[in-house]
2 protein chains.
Amino acid sequence: MPAKRKNGIDLSSSLSDIWKVLSDDEREVLRKNARIVNFKKNELIYCENEIPKDLMCLFKGKVKIFRTGVGGRNQIIRMIRPVQYFGYRAYFAHEPYVTAAAAFEPSTVCMIPMEIIEKMLLGNSHLAMLFIQMLSTDLGIADQRVVNLTQKHIRGRLAESLLFLKESYGLEEDGATINIYLAREDLASLSNMTTSNAIRTLSNFVDEHVIAIDGRKIKIIDEDKLRKISRMG
Amino acid sequence: MPAKRKNGIDLSSSLSDIWKVLSDDEREVLRKNARIVNFKKNELIYCENEIPKDLMCLFKGKVKIFRTGVGGRNQIIRMIRPVQYFGYRAYFAHEPYVTAAAAFEPSTVCMIPMEIIEKMLLGNSHLAMLFIQMLSTDLGIADQRVVNLTQKHIRGRLAESLLFLKESYGLEEDGATINIYLAREDLASLSNMTTSNAIRTLSNFVDEHVIAIDGRKIKIIDEDKLRKISRMG
DNA sequence: TTAGAACAATGTTATATAACACAAAAATAC
DNA sequence: GTATTTTTGTGTTATATAACATTGTTCTAA
């Protein structure tokens with residue numbers, strides 16, 4: 001039996017991870033309570049200090065989780081790709097959001113009230129394990145990120161970001177172009193540097209034949225070298 | 001009925017958070033499977049790349065979770081106080097440890113095999129919620145830490161660390177001395193700076209009458225000023 | 001009690017990176 | 001299609017912080 005559709009989107013295939021561990025009754029509850037929301041490019045999905053209300057699942061598009069630091073300088077904390085969940089951490093910690101989320105490009109997000117999820121969690125321990133696993137993975141990434149961002153030099157940080165983008169969003173048909181187009185400013189706030197330095201370092205990489213750039217398209221020419229730069233700094 | 005004792009330690013009062021959400025049967029399982037291990041000052045509790053096996057609960061002492069970064073430079077990621085749990089994240093993420101843990105001072109740790117905990121989790125969703133909450137809180141802290149460590153200047157980072165130590169370990173009877181004595185080197189690797197700079201900045205704070213130092217004892221003289229420095233950088 | 005190591009303090013130099021300024025190119029609006 | 005804003009690119013300067021060197025101090029051990 002195919003799942004009911006909302007705005008032409010098949011919930012059962014899109015919410016895959018969660019869907020798998022649910023009973024028919026639980027699935028019906030989700031169907032009834034899920035909202036599908038579309039966001040324009042650069043539109044805010046939630047913002048700092050807001051009270052978290054929904055579990056969000058990115059169906060389509062690309063989303064950045066970021067935080068405004070000293071002197072209004074933004075720092076990208078995490079990036080979300082389809083089909084990943086986000087927005088639930090603060091609810092579980094009983095805090096307002098400490099980050100904000102915005103769509104990089106036109107995006108479709110499925111929202112399910114956290115109260116529903118929380119109730120479901122108490123009756124379905126496999127669902128709980130899923131959240132424990134996601135949180136544990138993210139915390140491990142955050143722990144490593146702290147060290148990478150603070151100890152590596154500019155070149156190493158930018159190289160790492162490029163590799164991270166490749167892992168996250170993959171390559172285009174040519175097998176080289178990273179499948180996400182970021183402004184230099186976003187690349188900078190992902191790599192903890194100023195925009196000027198992102199631009200400069202990117203140019204250096206081009207001179208060294210590690211990458212090629214065409215506007216916002218970045219082609220990885222020599223991945224080994226990029227990895228070496230990322231490791232060494 | 002009082003809980004059985006192991007090496008003179010009362011499990012039921014020490015494992016408080018977890019204990020509360022367990023049934024009598026589950027408590028009995030923990031009693032049977034818990035080991036109490038003592039660690040000397042500076043002794044390693046677990047190390048990087050090791051396979052995680054136990055949930056650990058610090059009963060007595062102080063523990064640092066750290067990571068070896070570029071060029072062997074250590075970075076303290078988290079600090080543990082009694083009665084906090086640690087060592088479980090990597091197991092849930094199905095990874096080897098990305099961090100190491102060491103005792104700052106003579107410490108007593110209760111260890112419970114993660115297999116036991118995982119099984120218990122599937123049958124007790126309140127226990128699962130507890131882990132979800134702990135992980136969510138830690139992830140929020142990590143997210144904020146990334147921004148603080150990368151964007152604040154040395155003075156701000158050190159001030160923040162001192163405040164953090166005060167919040168975590170409290171003050172002594174005099175109402176001013178921070179209740180943990182760290183080497184300058186540890187203070188540095190907690191604040192992402194070199195040992196020299198930790199020493200220098202500490203001396204500056206003394207000159208400015210923000211703190212007073214006597215060896216490794218740090219007395220907070222002007223907390224407001226310290227907060228201001230932490231905010232501004 | 002002395003020898004040796006670990007730790008703390010301080011000054012000097014080197015350097016990575018931010019900050020600033022400006023020009024060119026591209027995107028967007030009118 | 002021109003005007004205006006945003007983004008990208010590049011050179012210059014300033015500065016925060018690491019790196020290094022040296023000395024004094026405290027702790028540890030034989």
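Proteins get letters first, then strands, A, B, ... in listed order; numbering begins at 1 in each.
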Set of residues satisfying salt bridge (charged side-chain N to carboxylate O under 4.0 Å, His left out) with respect to B:Arg227, sequence neighbours excluded
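Salt bridge (charged side-chain N to carboxylate O under 4.0 Å, His left out) check on B:Arg227 returns B:Glu167, B:Glu223.
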Mind checking what makes salt bridge (charged side-chain N to carboxylate O under 4.0 Å, His left out) contact with A:Arg184, not counting sequence neighbours?
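Here no residue qualifies.
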Whether each nucleotide of nucleotides 22-28 of chain C has a protein heavy atom under 4.0 Å at its base (B), only at its sugar-phosphate (S) or at neither (-) is summarised, 5' to 3', as -------
Nucleotide by nucleotide, nucleotides 18-30 of chain D touches protein heavy atoms under 4.0 Å in the pattern (B base, S sugar-phosphate only, - none) BBB----------
Applying side-chain contact (heavy atoms from CB on, under 4.5 Å), name anything that partners [X], two or more places apart in sequence or on another chain.
| X | result |
| --- | --- |
| A:Arg78 | A:Ile65, A:Asp138, B:Leu139, B:Asp143 |
| A:Leu171 | A:Lys166, A:Ile178 |
| B:Ala198 | B:Ala188, B:Met193 |
| B:Thr194 | B:Ser196, B:Asn197 |

Quickly work out the [X] [atom1] to [N] [atom2] distance and round it to whole Å.
| X | N | atom1 | atom2 | result |
| --- | --- | --- | --- | --- |
| B:Leu158 | D:dA16 | CG | C1' | 15 Å |
| B:His153 | D:dA16 | NE2 | C1' | 7 Å |
| B:Arg155 | D:dT15 | CZ | P | 16 Å |
| A:Leu187 | D:dG9 | CG | C1' | 15 Å |
| B:Leu182 | C:dA8 | CG | C1' | 15 Å |
| B:Asn42 | C:dC7 | CG | P | 8 Å |
| B:Asp186 | C:dA6 | CG | C1' | 13 Å |
| A:Ile213 | D:dT10 | CD1 | C1' | 13 Å |

Scan B:Arg216 against the nucleic acid and name what it touches under 4.0 Å (heavy atoms): base, sugar-phosphate only, or nothing.
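Sugar-phosphate contact only - B:Arg216 comes under 4.0 Å of backbone atoms but never of a base.
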Non-neighbouring partners of [X] that pass ring pair (Phe, Tyr, Trp, His ring centres under 6.0 Å), sequence neighbours left out:
| X | value |
| --- | --- |
| A:Phe39 | none |
| B:Phe104 | none |
| B:Tyr88 | B:Phe131 |

Compute whether any side-chain donor of one residue and acceptor of the other, for B:Arg73 and B:Asn192, lie under 3.5 angstrom apart.
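Distance-only check passes for B:Arg73 and B:Asn192.
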So for the helix from C:dT1-D:dA30 to C:dC30-D:dG1, with five pairs setting each end axis, what is the inter-axis angle to 10°?
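That helix gives 50° between its end axes.
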What verdict does the side chain to side chain contact (heavy atoms under 4.5 Å, CB included) test give for B:Arg67 and B:Glu48, after you've listed the backbone C-alpha separation in whole Å, the side-chain angles of each residue and the deciding distance to 0.1 Å?
CA-CA 8 Å; B:Arg67 201 175 131 71; B:Glu48 237 166 296; 3.8 Å; yes
